[in-house]
Student: 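Sharing a structure below in structure tokens format, with a few things to ask.
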Amino acid sequence: MFWRGFAMLQDSFATRLVAWQEQHGRHDLPWQVSDPYRVWLSEIMLQQTQVTAVLGYYARFLQHFPDVASLAAASADEVLALWSGLGYYSRARNLHKAARMVMDEFGGRFPDLREDIQRLPGVGRSTAAAIAAFAFGRRETILDGNVKRVLTRCFGISGFPGEKAVENRLWTLAESLLPADAAQMTAYTQGLMDLGATVCGRKPACTVCPMVDGCVAARQGLTHVLPTPRPKKAVPTRHTVMLLAQHGDKVWLERRPPTGIWGGLLSLPELADSAAVESWLAAQGRGDVLPSWPELEHVFTHFRLIITPVPVRLDTLHANRVQETAGQWLPVSQALDAGLPAPVKRLLQRLSA
DNA sequence: AAGCCGGGGAC
DNA sequence: GTCCCAGGCTT
């Protein structure tokens, strides 16, 4: 009977998970601490980003900004530079903004209620719940990709979890599964993530799963069908021309607008077509178009970008021209340390090689 | 409700 | 090549 299995698992879910986490879960991750600042930073970095990708960034970031006060005092450029290559750069801008909000609106003390934490920019319900649980032992449930995978399988819930109706159902279910004892919230929340990450993944290891005897997907052979995958849609291809202007050992970079793709990052100028190269060159000074470079492909979640790099060299610059534009000449080595989109960084690395 | 926003790991 | 990850914000 489905309903009997459901009720049995629902009753024992938290108990099983906590026991499993203590025995088989992860205990050596650097953000498994009670400092809300460190928990918060890790949760933001881990949004749509895998643990292995975050580890290095996390350590480097903490080295520069060990607490919320130092982060609030930093410039946006410093923060973006430390985020460069991690992706989803609005996370860095929101992180910086939120640090200042903690200082100004919460008197430098991190809020300890999920509802208050959630008011910080870049912090939604799941991230706020993770911080509340890990740093303050609150009985709040997370609902991330791991939890969605575990719950849709354990409780046999079909439909794409990104769809609102399915997600609402998962939130309600997740809340009903919380342990009664708040002292277990750290192990429980970590257990949800660990189970999803190390056991209930793409190819689930059901034989070592603490939920296997109650899991609907395991019992009905549906682990390969659940969770229901995102509906497919064709990704469009876009083309762009990037100007790779060199003057001595320097390269010309421009600040991108604060919103949109690569918001706020330094980048190479984008030109409408190759005809625009000549006019740009003529306006800047005296120089030449260099032999062309091969195209560069960069793939996003929602589109494919083909970049045509156009290298040019400026021998002499027109006086006063620099002040009229939003760009700057930077030594290549210095540019590589700034916040740059990944493909732009690859181009500049090619330049310095 | 649907689209936007990066980069990389796993397969 | 495909899929999706410790999601949130905007429209």
Side-chain angles (χ1 to χ4, degrees), chain A residues 25-26 29-32 38-58 80 83-95 97-98 117-134 140-150 159-168 170-171 174 189-198 200-204 224 227-236 238 256-265 267 297-305 339-346:
Chain A
R26 297 175 291 190
L29 296 171
W31 42 81
Q32 288 179 308
R38 296 185 177 226
V39 173
W40 169 52
L41 176 63
S42 74
E43 291 302 326
I44 301 300
M45 285 190 167
L46 286 160
Q47 285 172 0
Q48 297 299 96
T49 309
Q50 292 176 348
V51 168
T52 54
V54 164
L55 286 169
Y57 284 89
Y58 182 77
L80 271 177
W83 208 272
S84 177
L86 200 54
Y88 283 116
Y89 299 97
S90 65
R91 292 185 296 175
R93 294 193 301 276
N94 284 332
L95 190 79
K97 214 178 304 176
I117 301 170
Q118 203 171 333
R119 288 169 43 204
L120 299 173
V123 179
R125 178 171 174 186
S126 186
T127 298
I131 299 168
F134 283 134
E140 299 282 355
T141 188
I142 59 169
L143 185 61
D144 59 20
N146 287 313
V147 184
K148 286 175 177 173
R149 201 163 48 248
V150 169
F160 175 53
E163 185 187 327
K164 192 63 181 170
V166 178
E167 190 172 315
N168 287 341
L170 289 170
W171 273 116
T189 305
Q190 189 65 51
L192 282 176
M193 296 169 169
D194 291 352
L195 192 66
T198 68
C200 197
R202 193 124 200 86
K203 237 186 74 181
H224 63 294
T228 304
R230 167 189 299 276
K232 299 185 203 298
K233 54 177 187 245
V235 292
R238 300 183 197 168
R256 294 185 65 90
T259 60
I261 187 108
W262 298 322
L265 271 64
S267 186
E297 181 185 81
H298 191 68
V299 181
F300 297 86
T301 309
H302 49 301
F303 66 94
R304 206 163 63 99
L305 186 64
L340 296 174
V344 172
K345 193 161 192 168
R346 282 203 296 276

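Any value given below was found using the heavy atoms of this structure, including those in side chains, with hydrogens, waters and symmetry copies removed. Each chain gets a letter, A, B and so on, in the order its sequence line appears, and its residues count up from 1.
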Student: Within the structure shown, what part of the strands sits under 4.0 Å from A:W31 by heavy-atom distance: base, sugar-phosphate, or nothing?
Tutor: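 Touches a base.
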Student: Side chain of A:H302 only, heavy atoms from C-beta on: which candidate in B:dG6, C:dA6, B:dC4 is closest?
Tutor: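 When the side chain of A:H302 is considered, B:dC4 is the closest of B:dG6, C:dA6, B:dC4.
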Student: Quick check for you: among C:dC3, C:dA6, C:dG7, whose closest atom lies nearest to any side-chain atom of A:R202?
Tutor: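 Looking only at side-chain atoms, A:R202 lies closest to C:dC3.
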Student: Looking at B:dG7, I'd like to know if its phosphate oxygens (OP1 or OP2) sit under 4.0 Å from a side-chain N or O belonging to A:Y57.
Tutor: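 Checking B:dG7 against A:Y57, no side-chain N or O comes under 4.0 Å of OP1 or OP2.
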Student: Please report the interatomic distance CD(A:Q32) to CZ(A:R26), rounded to the nearest 0.5 Å.
Tutor: 7.5 Å
Student: Run the side chain to side chain donor-acceptor pair (under 3.5 Å) test against A:E43 and tell me which residues pass, sequence neighbours left out.
Tutor: none
Student: Please confirm whether the shortest side-chain N or O distance from A:W262 to OP1 or OP2 of B:dC4 is below 4.0 Å.
Tutor: no
Student: Find the distance between CG (A:L195) and CG (A:N146) and round it off to the nearest 0.5 Å.
Tutor: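 Output value for this atom pair is 8.5 Å.
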Student: Would you indicate what A:P161 reaches in the nucleic acid, counting non-hydrogen atoms under 4.0 angstrom: base, sugar-phosphate, or nothing?
Tutor: nothing
Student: Rounded off to whole Å, could you give me the CZ-to-P distance for the A:R119 and C:dC9 pair?
Tutor: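 Taking CZ of A:R119 and P of C:dC9, I get 13 Å after rounding.
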Student: Please measure how far the C1' atom in C:dC3 lies from the corresponding atom in B:dG6, and state the result in whole Å.
Tutor: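 Straight-line distance between the two C1' atoms is 15 Å.
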Student: Can you find a pair of side-chain heavy atoms, one from A:N94 and one from A:K97, that are under 4.5 Å apart?
Tutor: yes
Student: A:Q47 has a side chain; which of B:dC5, B:dA1, C:dG8 sits nearest to it?
Tutor: C:dG8
Student: Using the side-chain heavy atoms of A:R149, tell me which of these nucleotides is nearest: B:dG7, B:dC5, C:dA6.
Tutor: C:dA6
Student: Just to be sure I understand the rule, does A:Q190 reach a base, reach only the sugar-phosphate, or reach nothing, if contact means heavy atoms closer than 4.0 Å?
Tutor: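 Contact class for A:Q190: base.
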Student: So which atom in A:E140 and which in A:A133 form the shortest heavy-atom distance, rounded to 0.1 Å?
Tutor: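 The answer is O-CB, 4.3 Å.
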Student: How would you label the contact of A:F300 with the nucleic acid (heavy atoms, under 4.0 Å): base, sugar-phosphate, or nothing?
Tutor: sugar-phosphate
Student: Base, sugar-phosphate, or nothing: which does A:G196 touch, judged by heavy atoms less than 4.0 Å apart?
Tutor: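 Counting heavy atoms under 4.0 Å across all strands, no contact is made by A:G196.
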Student: Would you classify A:G260 as touching base, sugar-phosphate or nothing, given that sugar-phosphate means primed atoms plus P, OP1 and OP2, and contacts are heavy atoms under 4.0 Å?
Tutor: sugar-phosphate
Student: For A:A53, answer base if it contacts any base atom (sugar-phosphate contacts may also be present), sugar-phosphate if it contacts only those atoms, and nothing otherwise; contact means non-hydrogen atoms under 4.0 Å.
Tutor: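 No contact.
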Student: Taking only N and O in the side chain of A:R93, is any of them less than 4.0 Å away from OP1 or OP2 of C:dC9?
Tutor: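 The answer is no; no side-chain N or O of A:R93 sits under 4.0 Å from OP1 or OP2.
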Student: Can you check salt bridge (charged side-chain N to carboxylate O under 4.0 Å, His left out) on A:K148 and A:E167, steps first, answer last?
Tutor: CA-CA 8 Å; A:K148 286 175 177 173; A:E167 190 172 315; 3.6 Å; yes
Student: At less than 4.0 Å, is any side-chain N or O atom of A:H298 found next to OP1 or OP2 of B:dG6? Yes or no.
Tutor: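 Checking A:H298 against B:dG6: no side-chain N or O falls below 4.0 Å of OP1 or OP2.
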Student: Closer than 4.0 Å, any side-chain N/O of A:Q48 to the OP1 or OP2 of C:dG7?
Tutor: yes
Student: Of all the nucleotides listed (C:dG7, B:dG6, C:dA6), which has the minimum atom distance to the side chain of A:T127?
Tutor: C:dG7
Student: Scan A:L29 against the nucleic acid and name what it touches under 4.0 Å (heavy atoms): base, sugar-phosphate only, or nothing.
Tutor: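 Counting heavy atoms under 4.0 Å across all strands, the contact made by A:L29 includes a base.
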Student: Distance check needed: C:dA6 C1' versus A:E140 CD, whole Å only.
Tutor: 17 Å
Student: Considering only B:dG7, C:dG7, C:dC4, which nucleotide approaches the side chain of A:P229 most closely?
Tutor: C:dC4
Student: Using 0.5 Å steps for rounding, measure from the OG1 atom of A:T127 to the CG atom of A:L120.
Tutor: 11.0 Å
Student: Ignoring hydrogens and angles, does a donor from either the side chain of A:T49 or the base of B:dG6 sit under 3.5 Å from an acceptor on the other?
Tutor: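 Indeed there is one.
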Student: Check whether the side chain of A:R26 and the base of C:dA6 form a donor-acceptor pair under 3.5 Å.
Tutor: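 Check passes, donor-acceptor contact within cut-off.
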Student: Mind checking if A:I142 touches a base, just sugar-phosphate, or nothing, with heavy atoms under 4.0 Å?
Tutor: nothing
Student: DNA chain C: A:R125 or A:Q50, which has the more 5' nearest nucleotide?
Tutor: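 It is A:Q50 whose nearest nucleotide is closer to the 5' end.
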Student: Under 4.0 Å, counting only non-hydrogen atoms across every strand here, what does A:V54 touch: a base, just sugar-phosphate, or nothing?
Tutor: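 Here A:V54 touches no strand at all.
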Student: Compare the minimum distances between each of B:dG7, C:dA6, C:dC9 and the side chain of A:E43, then state the nucleotide with the smallest one.
Tutor: C:dA6
Student: Consider the side chain of A:N146, meaning its heavy atoms from C-beta on, and name the nucleotide among C:dA6, C:dC9, B:dG6 that approaches it most closely.
Tutor: C:dA6
Student: Nearest-nucleotide wise, let me know which of A:K164 and A:Y88 is further upstream toward the 5' end of DNA chain B.
Tutor: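 Residue closer to the 5' terminus by nearest nucleotide: A:K164.
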